[in-house]
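For the numbers below, each heavy atom of this structure counts, side chains included, while hydrogens, waters and symmetry mates do not. Every chain is numbered from 1, with letters handed out A, B, ... down the list of sequences.
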Amino acid sequence: MTATDTMDAGEQELVRGSLRHMLDGVDAAAAPSALLAQGWADLVATEPTVALTTLAEEAGGMASPAPIVDLAMLWSLGHADRSDLAVVLPAPGSVGLPPGTAVDGGIVVDGFVWAGADRADHLVVGTADGPLVIPADSLEATPVGGFDPKLGLARIAGRFDPSTAESLGDAGAWDGAVTAGRRSMGSQMVGAARQMLADTSRYVLERHQYGRSIGSFQTVKHRLSDVHVAISVAQAAVAAAWNTDTALSGAAAKALAGRAQQLASKHCQQVQGGIAFTVEHGFHDWVRRGHILDATLGNADDLTRLVGRTILAERHVPRVEVLPE
Amino acid sequence: MSHPQPDATVTEIRDATARWVDDNQSRLEPFRRDAIGDLDDAIDHSRPLQQLLWDDGWTRLGWAPEMGGLGGSPLLRAAALDTVSAAGYIQPELLGSADIVGSTIAHFRPDLGAEHLARGVRGDEVWCQGFSEPDAGSDLAGLRTKAVPDGDHYRIDGQKMWSTNGSLADWCMLLARTGDADSRHRGLTAFWMPMDADGVEVVPTMLEHGRAETAEIFLDGVSVPAANIIGEVGGGWASVMYLMQYERGAYAWGRQADMHLQLQQLVDDHADEFPDNADQLLGEAYLSVLGLRSQAGPTLARLSRNEELGPEISVDKILLGLAEQAVTDGAHGLLRSRLDMGDDEDDIRWRSRWSFSRVTTIYGGAAEVQRDIIGERLLGLPKGR
């Protein structure tokens with residue numbers, strides 16, 4: 001609401017260009033401080049919707065390994081100006097639960113961070129009582145290979161004493177940060193899927209078989225059309241989740257974006273044939289990245305069930321606000 | 001009561017509508033459920049609500065005062081109807097199609113709009129579209145119904161089919177060929193045809209979901225005044241494409257409102273009977289409806305600013321079909337024994353909805369045609385099949 005009310009399309013494109021420039025070629029671990037040095041805190045304070053949506057879409061489209069999700073969550077927590085914090089994200093498969101669990105007076109942590117733990121002096125750990133800040137060296141960080149070794153993830157595990165930690169807010173503050181993070185991941189997947197679709201559309205136009213461009217075959221065309229539809233609806237759902245800032249709308253938007261990204265991975269790889277399966281071609285990087293984008297803050301399947309569970313528990317089918325004033 | 005204010009904001013109209021709903025609960029009570037039975041039962045059941053919504057001003061918002069409207073943005077009407085739906089009342093059967101044809105008439109022929117719009121939107125007149133033919137469905141430009149000038153009239157011969165509400169319609173927006181047989185989309189003209197004219201014969205078509213929702217219309221030397229042309233002679237394709245913005249776009253707004261309500265009623269009435277995987281089934285259905293709403297809102301905003309929507313409207317049309325089927329597939333999964341073998345009123349209602357949802361990827365331009373449009377006109381892929 002804040003964003004599009006005050007910024008016209010031309011100004012938004014300028015922001016897009018400058019954010020893209022800032023992200024281009026910057027080391028992932030250094031990205032937050034580089035953005036802060038170039039005015040990120042002011043931009044996100046005045047135009048949060050445009051700033052966070054555009055940054056995440058561009059990062060997704062560039063396949064940037066920068067920890068963009070941290071910027072969204074820290075903004076939500078009121079600390080958009082800090083680059084000394086890395087956010088510990090819940091371990092894959094633990095949808096709805098924070099990474100920190102209270103056990104016998106301590107907090108046991110199972111989670112991961114983007115772009116390694118070395119980049120930050122402190123870690124933000126979500127718990128049932130809200131987000132806590134602890135020195136980075138109080139937990140053990142282990143580099144992660146996994147589906148996307150280029151991403152430089154680190155698994156974070158260990159135990160700390162909550163009485164030594166600084167609180168960043170209550171449980172609602174952590175939930176709000178997770179929702180902001182899900183919108184951000186949704187936009188990253190929209191950006192990634194759009195780039196996959198653009199590259200693939202170009203390829204099927206140029207590639208000829210049976211004497212014609214393979215993009216003229218209806219089966220190819222329809223697969224890519226379905227990808228376009230999935231991306232459009234994901235982007236619209238992220239925008240709706242900004243208008244209606246609830247846990248449910250954020251989860252739904254990320255689930256739809258996850259579906260779009262999965263469909264793009266599947267169809268774009270299929271219609272590009274064997275060449276997109278080679279290491280040299282590089283499409284596999286999108287497929288690998290897609291798995292981690294989906295896994296960060298809840299994969300599409302888990303979030304779909306979370307949405308259904310929430311509706312059942314509240315006996316209410318909510319309507320997101322999508323009409324402009 | 002005083003009428004809603006056309007200069008109000010969307011939020012103010014939502015609040016005003018919610019107050020009106022509160023004050024009129026006993027009058028609204030019959031409209032919490034849609035009728036089961038044939039098309040005329042459904043229309044008869046919901047027509048009093050359609051009249052009430054007009055008389056108290058909610059559906060007059062966004063239409064020009066010359067046509068009986070209150071003026072203001074069509075978004076206000078959309079917000080009011082969404083609020084009525086959120087309070088638990090099903091949208092009147094005829095309102096969606098009246099909005100589609102009404103928007104087209106109002107744009108091309110404000111004078112015809114002055115005569116007919118209020119009657120159509122209030123439900124006093126039933127309107128239909130006469131586009132498809134036995135040999136011209138997805139390939140609409142191949143239609144053969146001929147309109148030949150005859151003094152200040154046109155003489156029309158041919159056959160239409162799949163006309164929604166055709167068996168009950170008073171007026172039809174008819175597309176006929178005024179050009180050469182091979183003139184394709186260039187030689188078409190749209191007419192506003194009275195269904196009681198000599199030479200019009202209507203045969204209802206009973207559909208899978210238990211309603212004669214559509215009809216065949218046989219035209220044998222039907223005389224229609226040239227003054228009833230909608231748009232230009234030879235400009236019928238433009239008139240129909242204008243209409244399609246509403247059929248593929250604005251119509252989705254009313255449908256998403258109804259689908260939210262259907263899911264709400266499913267949870268209210270049957271949650272205790274749901275199977276173990278209810279979270280999955282309900283989540284899938286809701287995501288589809290939320291997605292449709294997220295897309296339809298901005299589309300409606302663009303239409304209300306008189307932006308001409310291009311091929312991107314096909315995205316909305318595909319999402320509409322997907323959502324209709326996701327909701328009814330979800331309901332089928334959640335209430336299997338009811339839909340497959342139950343005969344309670346609600347079982348019949350959901351079974352009928354499930355069956356009807358199968359046609360939502362066909363009417364208004366088959367999903368395959370929409371995918372061709374997206375591929376060729378949005379992604380820039382070459383023509384070809």
Option that, when pairs with chain A are counted at under 4.5 Å, heavy atom only, ranks first among Gly297(B), Pro382(B), Gly283(B), Ser288(B)
Pro382(B)
Is the Lys NZ or Arg CZ of Arg385(B) less than 6.0 Å from the centre of Phe217(A)'s six-membered ring, within 45° of the axis?
no
What residue, out of Leu312(A), Val320(A), Leu256(A), Leu224(A), has the most heavy-atom pairs lying under 4.5 Å from chain B?
Val320(A)
Most heavy-atom pairs under 4.5 Å with chain B, out of Arg223(A), Gln218(A), Arg202(A), belong to Gln218(A)
Counting heavy-atom pairs under 4.5 Å to chain A, which of Ala285(B), Gly384(B), Gly291(B) comes out on top?
Gly384(B)
Do you know which of Ala313(A), Ala251(A), Pro318(A) has the most heavy-atom pairs with chain B at a distance under 4.5 angstrom?
Pro318(A)
Could you go through Ile311(A) and Tyr286(B), starting from their C-alpha distance and side-chain angles, then the distance that decides it, and tell me whether this counts as side-chain contact (heavy atoms from CB on, under 4.5 Å)?
CA-CA 9 Å; Ile311(A) 291 172; Tyr286(B) 178 73; 3.4 Å; yes
As an exercise: rank Ala86(B), Gly375(B), Ser314(B), Ala278(B) by heavy-atom pairs under 4.5 Å with chain A and give me the winner.
Ala86(B)
Would you check if there is a donor-acceptor pair between the side chains of Trp354(B) and Asp329(B) at a distance under 3.5 Å?
yes
In terms of ring plane angle, is the pair Trp242(A) and Trp75(A) parallel, tilted or perpendicular, where the classes change at 30° and 60°?
tilted
Basic-acidic side-chain contact under 4.0 Å: Glu284(B), Arg259(A)
yes
Stepwise salt bridge (charged side-chain N to carboxylate O under 4.0 Å, His left out) test for Asp346(B) and Arg338(B)
CA-CA 8 Å; Asp346(B) 217 29; Arg338(B) 284 182 172 277; 5.9 Å; no
Side chain / backbone / both / neither for Gln256(B) at chain A, heavy atoms under 4.5 Å
neither
Test your reading of the model: is there a side-chain donor-acceptor pair from Arg248(B) to the backbone of Gly364(B), 3.5 Å cut-off?
yes
Identify which part of His222(A) has an atom lying under 4.5 Å from any heavy atom of chain B, answering side chain, backbone, both or neither.
both
Shortest non-hydrogen contact from Asp99(B) to Ala250(B)?
OD2-CB, 4.5 Å
Which atoms of Asn277(B) approach chain A - backbone, side chain, both or neither, heavy atom under 4.5 Å:
neither
Are Asp268(B) and Gln264(B) close enough that a side-chain donor and a side-chain acceptor fall under 3.5 Å?
yes
What is the minimum heavy-atom distance between Thr361(B) and Gly321(B), and which atoms define it?
CG2-CA, 4.0 Å
Side-chain donor-acceptor contact under 3.5 Å, Thr54(A) with Arg20(A):
no
May I ask you to say whether Asp34(B) pairs ionically with Arg349(B), meaning some side-chain N is under 4.0 Å from a carboxylate O?
yes
One option among Leu319(B), Thr9(B), Leu282(B), Leu379(B) has the most heavy-atom pairs under 4.5 Å with chain A, and it is Leu379(B)
Interface moiety of Ala257(B) toward chain A, non-hydrogen atoms closer than 4.5 Å
both
Tell me whether the NZ or CZ atom of Arg353(B) lies within the 45° cone about the ring axis of Trp350(B) and under 6.0 Å from its centre.
yes
Could you look at Ala237(A) and say if it's the side chain, the backbone, both or neither that has a heavy atom under 4.5 Å from chain B?
both
Could you verify whether a donor N or O on one side chain and an acceptor N or O on the other, from Ser249(A) and Thr246(A), lie under 3.5 Å apart?
yes
Name the member of Ser232(A), Gly215(A), Ser225(A) that forms the most heavy-atom pairs with chain B at distances under 4.5 Å.
Ser225(A)
When you check the side-chain N and O atoms of His270(B) and Glu273(B), is any donor under 3.5 Å from an acceptor?
yes
Judged by modelled atom types alone, do Thr328(B) and Glu324(B) share a side-chain donor-acceptor pair under 3.5 Å?
no
Contact residues of residues 294-309 of chain A (partner chain B; heavy-atom separation under 4.5 angstrom):
Thr304(A), Arg305(A), Val307(A), Gly308(A), Arg309(A)
Under 4.5 Å heavy-atom distance to chain A, tell me which part of Leu287(B) shows up: side chain, backbone, both or neither.
both
Would you say the side-chain atoms of Asp258(B) and Gln262(B) include a donor-acceptor pair closer than 3.5 Å?
no
Given the options Gln295(B), His260(B), Arg14(B), which has more heavy-atom pairs under 4.5 Å with chain A than any of the others?
His260(B)
Suppose a student defines contact as a heavy atom less than 4.5 Å from any heavy atom of chain A. Which residues in residues 299-310 of chain B would they list?
Leu300(B), Ala301(B)
When the 4.5 angstrom heavy-atom criterion is applied to Leu266(B) and chain A, the contacting part is neither
Asp372(B) versus chain A, heavy atoms under 4.5 Å apart: side chain, backbone, both or neither?
both
Return the option, out of Glu12(B), Glu312(B), Glu376(B), with the maximum number of heavy-atom pairs under 4.5 Å with chain A.
Glu376(B)
Do Gln235(A) and Glu57(A) have a side chain donor and acceptor closer than 3.5 Å?
yes
For the pair Trp253(B) (side chain) and Ala78(B) (backbone), establish whether a donor and an acceptor sit closer than 3.5 Å, ignoring hydrogens and angles.
yes
With a 4.5 angstrom heavy-atom cut-off, which part of Ile231(A) approaches chain B: side chain, backbone, both or neither?
neither
